[in-house]
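Written below as structure tokens is the structure these notes are about.
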Amino acid sequence: MSTSNNDVSVLFLQGGPGLSSQFERSQLGDIATVDWWDPPFLTAPSSAPSALTRLYAAVEAKFDAMRARRDGPIHLLSSSFGCHLALHLIRRSGPGVASLTMLAPSLDIPACYLRLARHLHQQHPQPALRAAIEGFEAQVDLPNFWTLAGAVMTVPDFARSYWSGKARKQGEQFATLLADAATFHPPSFQAILNDFLAHPRPPGLLEYTGPVTAIFGDADPLIDATEGGRLVHQYLPAARLRTVAAGHFPHLECAPALWLPECAATP
């Protein structure tokens, strides 16, 4: 079935950062109402604006272009770090957002990586990983964060831990894609997170009255659903919380009926 630009009502905001939506397109590209947007790859600039500022500008431009084509509000479907982009758009353009769905919202990035590191250390005990965990627990700062992130990424097949046991094949495919420079851009990952972590925005209530759903995977090694729900409610207290049988990517492990905005399920 062909779909016109006016039928594309959902903007997908990828996690990462520095990650394209290639895997989503390969697995879910037949959902024609969703624009599986690729955030730009960005490196640390020699002067302002920062990589994070440029990322915000890019998502604003994408959102505004979609609104102009549809002449109406847009549904936001955000994954992991992409949920921060969704919150940014709601702060800026709340009335233009028809609904918000947050998939495994990584609202506390340092806590997510610490939880992942602990999970990996249980599965693959390594002295360097243990030392990185202890250093970060003692002092939460950027140098210790990057030591922790580096130790995590040295664990063999660390990316497969993002998936539940039922999704081993997808985990293998995802790990392969991460090695593709067109899918994952490490300089963007570092530049954007450096900016984001150096200037954290404290949680604060958002004046948004549209429907909000946050979906957590019960096998997610980065996020505890109870704590994740508490963080979501610091921004959006009326948000509905749901836990599904999945890892860190509910939209790639579960049927669309469990996560796709109902009013956007068909053109």
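Keep in mind that what you see is a predicted model, and the values were worked out from it rather than measured. Numbering of residues begins at 1 and proceeds along the displayed sequence. Every heavy atom of this structure was used, including side-chain atoms; hydrogens, water molecules and symmetry mates were not.
Annotation: Phe216 is not in aromatic contact with Trp259 [ring centroid separation under 6.0 Å not met]. Residues His251 and Phe12 bring their aromatic ring centres within 6.0 Å. Under the 6.0 Å cut-off for aromatic ring centres, Phe136 and Tyr113 do not qualify, their centroids lying 6.0 Å or more apart. Checked against the 6.0 Å centroid threshold, Phe196 and Phe81 count as a close aromatic pair.
Each of Leu178 and Phe41 belongs to its own hydrophobic cluster when Ile, Leu, Val, Met, Phe, Trp and Tyr are linked at side-chain heavy-atom distances under 4.5 angstrom.
Annotation: the span from His84 atom NE2 to Ile192 atom CD1 amounts to 12.5 Å, rounded to 0.5 Å. Here the straight-line distance linking atom CG of Asp218 with atom CD1 of Ile223 works out to 13.0 Å at 0.5 Å rounding.
Every residue was checked against the side-chain hydrogen bond (donor to acceptor under 3.5 Å, both in side chains) condition with Ser161, not counting sequence neighbours, and none meets it. Every residue was checked against the ring pair (Phe, Tyr, Trp, His ring centres under 6.0 Å) condition with Phe63, not counting sequence neighbours, and none meets it. Residues satisfying the side-chain hydrogen bond (donor to acceptor under 3.5 Å, both in side chains) criterion with Gln14, sequence neighbours excluded, are Glu24.
The closest side-chain donor-acceptor pair between Thr33 and Ser9, if any, does not fall under 3.5 angstrom.
By the 30° and 60° cut-offs, the orientation of the rings of Phe189 relative to Trp146 is perpendicular.
Taking the charged nitrogens against the carboxylate oxygens, Asp64 and Arg67 have no contact shorter than 4.0 Å, which rules out a salt bridge. The pair Glu227-Arg115 does not count as a salt bridge, with every side-chain nitrogen at least 4.0 angstrom from each carboxylate oxygen. Electrostatic pairing of Asp224 and Arg230 does not count as a salt bridge here, judged by no charged N lying under 4.0 Å from a carboxylate O. Remark: Arg130 engages Glu134 in a salt bridge, criterion side-chain N to carboxylate O under 4.0 Å.
Put simply, the side chain of Ile74 does not reach to within 4.5 Å of the side chain of Leu89, judged on heavy atoms.
A side-chain donor-acceptor contact under 3.5 Å links Glu253 to the backbone of Gly247.
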